[in-house]
Amino acid sequence: MCLGKKVYLCADLYKTKYLKMTTILAIESSCDDTAAAVIRNGTMLSNIAASQSVHEAWGGVVPELASRAHQQHIVPVVDRALKVAGVLPADLSAVAFTAGPGLIGSLLVGSSFAKAFALALDVPLIAVNHIQAHVVAHFIDAPRPKFPFLCLTVSGGHTQIVKVSDHLTMEIVGETIDDAAGEAFDKTAKMLGLPYPGGPLVDKYAQQGNPKAFSFPEPKAHGEFNFSFSGLKTSVLYFLQKQTTENPQFIAENLADLCASIQYTIVKILLNKLQKAAKHYQINEIAIAGGVSANSGLRAALLDLGQRKKWQVYIPDFQYCTDNAGMIAMAAHYLYEKGAFVEQTFMPMARMR
Ligand code: KG4
Ligand code: ZN
């Protein structure tokens, strides 16, 4: 007769040895979200995140506060991810972590935790590129893009058009030469007196505003598929300074129209370059990824453009747009298949392409 625990161990051994179960714990801590996910044979079993409200009062992410909050959150977040997945540490085949780009203090918390966990369990370690993972989030659920596809990756730190020819083979064909699209949202939101992160709030107010109420210029960037957002930021700043000198209530009286007009300009800049790249590369499988892909204006405009251009458009589920460990887990799944493991001495990097 087998006792309860023994039955479990027998079943687990059967699953790992005979059914070739690959179960990976993935940790994401590149900025201000502490997240953990568990993936088994490419199927997501859990995806947990704890965001950090401590930054709101400062109008942006404070790196040292982010590292401290990761230290506080990481154990409960991993614990929850394992519980929701119904997985014990002993079931794990590998531990993955975000290797960069990101805030170095934040990355060190996640990578140190992953290293300790992997060492204790004697399983391999997988280092995942955060921006690549945003793209790979498209393989979590159907419909999945077909290769080759173009992905517009738009986050708080990056704005890129990437040509994707395989799950892990990507070529950057265009990128921002200054601010990222998310920064353009957050910085202009700050000028409007909105708290950090302003992107989701601009989106919310824009839904009641007129996108043509105010017109802002589209800054030019060198390179056919490159972006520039710093000129937009400056023109919004000068415009607001002029208007509020004449009428101190200008922002309060026009908040929805200002948000709608700023959002309209950012979306226009993004889609113009995406359209050019799609034409140049003759690709009609088009995806978006990253935090800004949660923007309702961008999602709607891309769907509309896609219909006119006869593109197949792929937009991630909201939970996989902003930073999450599910996307790290999905990328780790493909890296595991290739046997792409790293040593305990591997160092995360703040800057990475
Ligand atoms: O991908 P992400 O979570 O973190 C980075 O890797 O940077 O992206 C965060 C960015 C922030 O700039 C945030 O304001 C923006 O995504 N964001 C949005 C929306 N949701 C998040 N921007 C516009 N509209 C949204 N709904
Ligand atoms: Zn991100």
Side-chain angles (χ1 to χ4, degrees), residues 26-35 37 47 49-52 55-56 59-61 63 66 97-103 106-107 110 128-138 151-160 162 175-176 179-192 194-207 209 211 229 232-233 259-271 287-302 315-331 350-353:
I27 291 158
E28 152 63 27
S29 68
S30 62
C31 189
D32 59 343
D33 292 293
T34 317
N47 182 36
S51 47
Q52 306 176 355
H55 307 288
E56 275 165 26
V61 177
F97 63 94
T98 303
L103 300 171
S106 294
L107 290 165
V128 176
N129 179 309
H130 179 90
I131 322 176
Q132 198 169 48
H134 268 301
V135 179
V136 176
H138 280 284
C151 186
L152 173 68
T153 310
V154 271
S155 72
H158 296 87
T159 298
Q160 297 178 339
V162 193
E175 62 189 332
T176 181
D179 292 344
E183 263 178 293
F185 269 107
D186 296 340
K187 287 181 178 167
T188 49
K190 197 171 176 182
M191 294 173 200
L192 299 175
L194 299 173
Y196 179 85
L201 291 166
V202 171
D203 187 355
K204 184 179 144 206
Y205 290 113
Q207 286 167 30
F229 291 101
L232 169 68
K233 193 178 60 186
C259 288
S261 303
I262 291 169
Q263 178 171 296
Y264 176 80
T265 313
I266 295 174
V267 169
K268 197 157 70 148
I269 294 170
L270 292 172
L271 294 188
I288 47 169
V292 179
S293 65
N295 183 268
S296 62
L298 176 61
R299 291 165 91 96
L302 179 61
I315 299 179
D317 195 84
F318 280 109
Q319 65 171 321
Y320 299 124
C321 286
T322 48
D323 288 350
N324 65 90
M327 66 186 197
I328 305 298
M330 197 68 233
R351 293 193 171 274
M352 220 179 180
R353 276 170 73 90

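Computation of the quantities below employed the complete heavy-atom set of this structure, encompassing side-chain atoms and omitting hydrogens, waters and symmetry-equivalent molecules. Bear in mind that the values here come from a model prediction, so they are computed numbers and not experimental data. For ligands, and for the atoms within them, numbers begin at 1 and follow the listed sequence.
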Exercise: identify the closest heavy-atom pair between A301 and V267
CB-CG1, 3.7 Å

Work out whether the distance between some heavy atom of Q263 and some atom of ligand 1 is less than 4.0 Å.
no

To the nearest 0.1 Å, how far is atom 14 (O) of ligand 1 from its closest protein heavy atom, and which atom is that?
D186 OD1, 2.6 Å

Which ligand 1 atoms, with their elements, are less than 4.0 angstrom from a heavy-atom of H134?
1 (O), 6 (O)

Taking the side chain as every heavy atom from C-beta outward, state whether K233 and E183 have any atom pair closer than 4.5 Å.
no

Here the pair of heavy atoms bringing A331 nearest to V128 is CB-CG1, 3.6 Å

Within the distance-only criterion (no hydrogens, no angle test), does the side chain of S293 pair as donor or acceptor with the backbone N or O of C321 below 3.5 angstrom?
no

Please identify which atoms of ligand 1 are closer than 4.0 Å to at least one heavy atom of A294.
20 (N), 26 (N)

Among G291, S30, G199, which one puts a heavy atom closest to atom 20 (N) of ligand 1?
G291

Short N/O distance, under 3.5 Å, between E183 and ligand 1?
no

When only distance counts, is G157 in polar contact with ligand 1, meaning an N/O pair under 3.5 Å?
yes

Tell me whether K204 reaches ligand 1 (any heavy atom closer than 4.0 angstrom to a ligand atom).
no

Say whether P200 and ligand 1 are in contact under the criterion: heavy-atom distance to a ligand atom below 4.0 Å.
yes

Is there a donor-acceptor pair closer than 3.5 Å between any side-chain N or O of H134 and the backbone N or O of D323?
no

For T322, counting its heavy atoms only, list the atoms of ligand 1 lying under 4.0 Å from any of them.
3 (O), 21 (C)

Minimum-distance pair of heavy atoms, taken over all atoms of T159 and A181
OG1-N, 2.7 Å

How close do I27 and I328 get, counting heavy atoms only, and between which atoms?
O-CG2, 4.0 Å

Close-contact set for ligand 1 against G156 heavy atoms, below 4.0 Å:
5 (C), 7 (O), 8 (O), 9 (C), 10 (C), 12 (O)

Closer than 3.5 angstrom, by distance alone: can the side chain of D186 be matched with the main-chain N or O of P197 as a donor-acceptor pair?
no

Which residues and atoms, protein N, O or S only, are under 2.8 Å from the Zn ion (ligand 2)?
H130 NE2, H134 NE2, D323 OD1

From the candidates T153, D33, V154, D323, the one that places a heavy atom nearest atom 5 (C) of ligand 1:
D323

Heavy-atom closest pair (P101 atom, S30 atom, distance to 0.1 Å) is O-CB, 3.7 Å

Would you say that L192 contacts I262 through its side chain, given a criterion of any heavy-atom pair below 4.5 Å between the two side chains?
yes

Which ligand 1 atoms are under 4.0 Å away from a heavy-atom of S155?
1 (O), 5 (C), 6 (O), 7 (O), 8 (O)

Using modelled atom types and a 3.5 Å cut-off, is there a donor and acceptor pairing between side-chain atoms of N324 and backbone atoms of T322?
yes

Taking the side chain as every heavy atom from C-beta outward, state whether V154 and F185 have any atom pair closer than 4.5 Å.
no

4.5 Å side-chain heavy-atom contact, I266 and V292:
no

Please list the nearest protein heavy atom to atom 24 (N) of ligand 1 with its residue and the distance rounded to 0.1 Å.
N295 ND2, 3.0 Å

Please list, in number order, the atoms of ligand 1 under 4.0 Å from a heavy atom of G182.
12 (O)

Under 4.0 Å from any heavy atom of D203, which atoms of ligand 1 are there?
24 (N), 25 (C), 26 (N)

Geometry only, no angles: is G290 polar-contacting ligand 1 at N/O separations under 3.5 Å?
no

Distance to 0.1 Å, residue and atom name: give those for the protein heavy atom nearest to atom 15 (C) of ligand 1.
V292 CG2, 4.0 Å

Under 3.5 Å, is there a donor on one side chain and an acceptor on the other for E28 and T98?
yes

Residue pair P316 / H138: nearest heavy atoms and the distance that separates them
CD-CE1, 3.6 Å

Considering both backbone and side-chain atoms of H130, is one of its nitrogen or oxygen atoms within less than 3.5 Å of a nitrogen or oxygen in ligand 1?
yes

